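Structure record follows, encoded as structure tokens.
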Amino acid sequence: MKGYMLIGGKRVFKSKEIEILFPYDNSVVGTIPDGDAEDVKLAVDVALKGFEKMKKLSAYDRYSILSKAARILSNRSYEIAELLTKEVGKTIRESMGEVGRAVNTLTLSAEEAKRIAGEEVNFEAAPGIKGKVGFYRRVPLGVIGCITPFNFPLNLTCHKVGPALAAGNSVVIKPSENTSLVVIRLAEILIEAGFPPEAVNVVTGYGEKAGDALVRDERVRMITFTGSVETGKIIMSRGGLKKYAMELGSNAGVYIDEDQSEKLEFIAEKVCRGGFALAGQVCISVQRVFVHDSLFDDFIEKAVEFAKTLKVGNPLDQTVDMGPVIDVQAADRIMEWINEAVSAGAKLVCGGKRVSDTVIEPTIVIDVPEDVRLFKGEIFGPVIAVNRVANVEEAIEKVNLSRYGLQAGIFTNDLKAAFKFAEEVEAGGIMINEIPTFRVDQMPYGGMKESGIGREGPSYAIEEMTEIKTICFDLS
Ligand code: NAP
């Protein structure tokens, strides 16, 4: 499959190309152009014209076009899901789930297009002011640069492009170089549905080259980024005066309280699903589990029992539960972190072996020291670290022992413990009697601490992607 950039609706090819590989067996899925600063400059030139065309669309037009795009995407679900599986390596069931969510994100964005409004400003509330009336409106920013990661290339791009277009902006998208083909399909669908071709542009290529040029372009009014903390920091240090939305990494923690013995099997299964979905490459994967001392052994027994039932292998096989990680380098790093934890005294109770270059068994490690990378960092692989705690106070302290703060969870029947956890854990989302991996696309979603800045979910993203213009009439 020969990929291309999409600039003003035109397919742009380059002699220098990047291969996209199926993570399961490294076979070639396709190629994309190795875009550079010149391509980004052209895309932003075009997107500025696209913004002018977007101004001619009414809120209802934008609602109708986004709704139509959602319908086209839904009609092409299986074809798009198959491409997702080939690019990302997620199972075909996971890919169908992502397409369904992307349809929902576009639909939510369409609905929000009709709700963008301001309110009256009471100018006469200031001393000595009479005869002034007015209001503020939310207006689009202009060109928005959307930089997206490899793990949910379709839905996370919809979380940026959907609200941006709903609010009347134009976009230049720089997808992950591993998973660009599906993003090109999405852009084509948005244009087919009726957006001006100049308003939806995709530049492919490496982050350090194409991504960097987009970040540095002064005409781009906002960078909405999802990816690692390290890349997020680089982007903010180079991009200068513009708005930023940063959806970054995490190492989510969950606590299982002492009163959960009757539900332990159910919780163990949920925790494993939250840790091993997409081979652990979810920003809110369950990574650190804290179990009350009295339930610890029982929990481990049930979690290991469930983890061993998961079928690992080719993600295109409908019966497979867990596929590979994105590439060999990622698998090398994950194995290194497991081995480091074990050398430091942690115990491996499930998995821990590499099935192939990129496939790692669902792995459970217990009694993990707090100074190893498996505890401190973001593993982004199919590995769960489980430690014992004495009570909710200690659980809160351990969950907070992290530079990240995206989401966290607690299983308890104790209302006071649940409330204390919700109040004191430093994270953007707290799930009570649910794993931290829970997300629906309309909720405000984003991180505290190094997990990010700003919130996604179409209505919240629209606030970030618009600015306030105040209009005042003198009637005196
Ligand atoms: P990444 O390496 O940070 O890359 C993300 C994107 O940034 C890619 O498109 C990448 O391009 C681009 N990029 C890299 N260097 C750049 C630069 N200097 N300037 C501009 N763009 C640059 O992240 P990833 O490995 O794809 O994704 C995994 C990370 O994303 C994890 O940390 C995960 O937690 C996080 N994530 C967060 C959320 C959330 O909502 N909070 C959701 C999903 C994932 P190339 O790929 O072409 O290098």
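Keep in mind that what you see is a predicted model, and the values were worked out from it rather than measured.
Nearest approach of Val40 to Ala210, heavy atoms of both residues: CG2-O, 3.4 Å. Across all non-hydrogen atoms, the minimal contact from Gly142 to Asn169 is N-OD1, 3.0 Å. Nearest heavy atom pair, residue Leu374 against residue Trp337, reads N-CE3, 4.1 Å. In terms of heavy atoms, Ala167 sits closest to Ile462 at CB-CG2, 4.3 Å. For Thr204 against Ser180, the heavy-atom pair with the smallest separation is CG2-CB, 4.0 Å.
The pair Glu336-Arg333 does not count as a salt bridge, with every side-chain nitrogen at least 4.0 angstrom from each carboxylate oxygen. Glu247 and Arg455 are not joined by a salt bridge, as no carboxylate oxygen comes within less than 4.0 angstrom of a charged side-chain nitrogen. Residues Arg403 and Glu230 are paired through a salt bridge, judged by an N-O separation under 4.0 Å between the basic side chain and the carboxylate. Ionic pairing of Lys41 and Asp45 is present here: one or more N-O contacts between side-chain nitrogen and carboxylate oxygen are shorter than 4.0 angstrom. Using a cut-off of 4.0 Å between Lys/Arg side-chain N and Asp/Glu carboxylate O, Glu218 and Lys242 are scored as not salt-bridged. Ion pairing between a basic and an acidic side chain is recognised when a charged N comes within 4.0 Å of a carboxylate O; Glu426 and Lys449 show such pairing. In summary, Arg221 and Glu467 engage in a salt bridge, as defined by a charged side-chain N under 4.0 Å from a carboxylate O. Here Lys90 does not pair with Glu82 in a salt bridge; the nearest charged N to carboxylate O distance is not below 4.0 Å. One finds a salt bridge joining Lys209 and Asp34 here, because a Lys/Arg side-chain nitrogen approaches an Asp/Glu carboxylate oxygen to under 4.0 Å. Ion pairing between a basic and an acidic side chain is recognised when a charged N comes within 4.0 Å of a carboxylate O; Arg11 and Glu188 show such pairing. Under a 4.0 Å N-O distance rule, the pair Arg354/Glu361 does not qualify as a salt bridge. Taking a cutoff of 4.0 Å between a charged side-chain nitrogen and a carboxylate oxygen, Glu52 and Lys55 qualify as a salt bridge. For Lys376 and Asp371, the salt-bridge test fails: no basic side-chain N is under 4.0 Å from an acidic carboxylate O.
To the nearest 0.5 Å, atoms CD (Glu38) and CG (Leu42) are separated by 8.5 Å. Atoms CD and OG1, from Glu98 and Thr105 in turn, are 9.5 Å apart once rounded to the nearest 0.5 Å. Between the CG atom of Leu66 and the OG atom of Ser109 there is a distance of 6.0 Å, given to the nearest 0.5 Å. Between atom CE of residue Met335 and atom CD1 of residue Ile360 there is a gap of 6.0 Å, rounded to the nearest 0.5 Å. One finds the CG atom of Leu181 at 10.5 Å from the CG atom of Leu84 (value rounded to the nearest 0.5 Å).
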Side chain to side chain donor-acceptor pair (under 3.5 Å) between Lys160 and Thr226: does it pass, once the steps are laid out? CA-CA 9 Å; Lys160 301 188 178 313; Thr226 300; 2.8 Å; yes

Step-by-step side chain to side chain donor-acceptor pair (under 3.5 Å) determination, Thr231 to Ser228: CA-CA 5 Å; Thr231 309; Ser228 61; 3.0 Å; yes

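With sequence neighbours excluded, the residues satisfying side chain to side chain contact (heavy atoms under 4.5 Å, CB included) with Thr358 are Pro324, Val328, Ser356.
Looking only at side-chain heavy atoms (C-beta outward), Lys68 and Glu192 stay at 4.5 Å or farther from each other.
Residue-environment remark: CZ (Phe150) exceeds the threshold of 12 foreign heavy atoms within 6.0 Å.
The only member of Val320, Asn314, Asp321, Leu278 that meets side-chain contact (heavy atoms from CB on, under 4.5 Å) when paired with Thr91 is Val320.
Of the possible donor and acceptor atoms, none in the side chain of Asn251 sits under 3.5 Å from a partner among the backbone N and O of Arg288.
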